[in-house]
Amino acid sequence: MKQQKPLTKEQYLKKFSRAVRWRLPPQESEDAIADYRELIFQPERDESRLVEELGEPVQAAHLLTDVKAYRRWLAVFAVLAVGVFMMARWCFTGRSRFDYVFDFRQYWFPVWVMMVGMVLSQYWFRRHGQKSGPLSKRLILGLVLVLVLAAGAAIMGWTCHVTSPEFLERLTTEPLPDLLRRQASQLPDLLRYGGTLCALAAFAGLVLAKLCDRRWLAVYALALTVAALCAIVTFWLRSMSLDWGTDELREYFFPRMVLVGTAGLIGTGVALC
């Protein structure tokens, strides 16, 4: 059986840092990392015996963990993560378990999930997260935010275009509306894949907010907002009822979706502060 290669000092510290940042509050985790950095890089420390002397990195982090505080964090993370994966499922399938119980109110399930996620995440990370000085990955964070915002704007713009009365009139009256039909058929795919990818981006932002800097919560907030908007339209498109036509989508849903999007942008701005 092939023996596992011993960890180098850099590898050990990297694994320990990730584990301790996930388990401990920010200041405690940084203090622990500083202490272990001093222990690991002692001149007399034998690199081949790191695990033997200090234990596995994850186990070492476990020994420093306040179990009650860690369980509270896991409970908060579980609620936020479940919300994100519910949003991804709704975007991808256009279905919820309550379709035939709550009728059209299913359209607002994503909004409720988004609002709970926004409030709970802001409350938790304001109390238990911290900024790590100037954000070293500011450029990456900015690019991610711009890409998510652009994706959401593009999807909502395409939805507005495809559901316009002028477009639908051309779709039903022109003799060869092949191009128009292809345009209309692209909308469900944009909503499905765009919303699902944004939900996954929200999950990544949540994890990075814990491991790196709480300002990564801005990615979570913005991506969750875009996913919620995609899920609203997806529910409408996949509804078995034809009572809600395109006029209702444009006159009833779009103004409300503007409010949802505005709330998401405000949450994104707060997360960056």
Side-chain angles (χ1 to χ4, degrees), residues 13-37 57-58 60-88 112-149 152 198-228 260-273:
L13 184 62
K14 185 177 181 179
K15 289 187 176 183
F16 175 79
S17 298
R18 282 201 300 260
V20 83
R21 282 176 177 147
W22 183 255
R23 290 171 170 271
L24 271 62
Q27 189 56 54
E28 292 182 24
S29 66
E30 294 307 316
D31 292 342
I33 291 170
D35 291 341
Y36 265 72
R37 182 181 288 110
V58 175
H62 175 73
L63 294 175
L64 299 173
T65 302
D66 181 335
V67 176
K68 289 184 178 180
Y70 182 52
R71 285 177 178 173
R72 285 195 294 270
W73 156 242
L74 288 182
V76 170
F77 178 74
V79 171
L80 298 176
V82 167
V84 167
F85 286 110
M86 286 174 63
M87 203 76 77
W112 300 338
V113 171
M114 169 190 154
M115 291 306 176
V116 170
M118 289 278 196
V119 172
L120 180 57
S121 62
Q122 294 285 359
Y123 170 78
W124 179 267
F125 282 96
R126 285 283 170 180
R127 292 196 62 185
H128 303 284
Q130 72 174 16
K131 300 177 184 178
S132 301
L135 189 59
S136 60
K137 298 178 181 178
R138 188 188 304 273
L139 178 60
I140 298 176
L141 175 59
L143 287 174
V144 171
L145 290 174
V146 169
L147 287 173
V148 172
L149 184 60
C198 283
L200 296 178
F203 182 77
L206 182 63
V207 172
L208 289 170
K210 176 62 175 171
L211 294 179
C212 301
D213 187 302
R214 71 169 171 81
R215 284 171 288 188
W216 280 102
L217 198 64
V219 175
Y220 166 82
L222 184 58
L224 190 69
T225 301
V226 175
V260 173
T262 301
L265 290 175
I266 293 173
T268 302
V270 171
L272 287 171
C273 296

Look up atom [atom1] in [X] and atom [atom2] in [Y], then write down how far apart they are to the nearest 0.5 Å.
{"X": "R21", "Y": "L211", "atom1": "CZ", "atom2": "CG", "result": "8.0 Å"}
{"X": "Y220", "Y": "L80", "atom1": "OH", "atom2": "CG", "result": "4.5 Å"}
{"X": "L208", "Y": "R215", "atom1": "CG", "atom2": "CZ", "result": "13.0 Å"}
{"X": "R23", "Y": "L74", "atom1": "CZ", "atom2": "CG", "result": "8.0 Å"}
{"X": "L272", "Y": "W216", "atom1": "CG", "atom2": "CH2", "result": "10.5 Å"}

Discussion item. List the residues meeting ring pair (Phe, Tyr, Trp, His ring centres under 6.0 Å) with Y36, not counting sequence neighbours, and say none if there are none.
Written reply: F16
May I ask you to test the [X]-[Y] pair for a side-chain heavy-atom distance under 4.5 Å?
{"X": "L149", "Y": "T268", "value": "no"}
{"X": "L24", "Y": "W73", "value": "no"}
{"X": "L64", "Y": "E28", "value": "no"}

Discussion item. Minimum heavy-atom separation for C273 and R214, please, with both atom names.
Written reply: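 Scanning both residues completely, I find the closest heavy atoms to be O-NH1, 3.1 Å.
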Discussion item. For W22 and F77, take the angle between the two ring planes, folded into 0 to 90°, and tell me which bin it lands in: parallel under 30, tilted 30 to 60, perpendicular over 60.
Written reply: perpendicular
Worksheet item: Quick one: side-chain contact (heavy atoms from CB on, under 4.5 Å) partners of A201, sequence neighbours excluded?
Response: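 A201: side-chain contact (heavy atoms from CB on, under 4.5 Å) contacts with A223.
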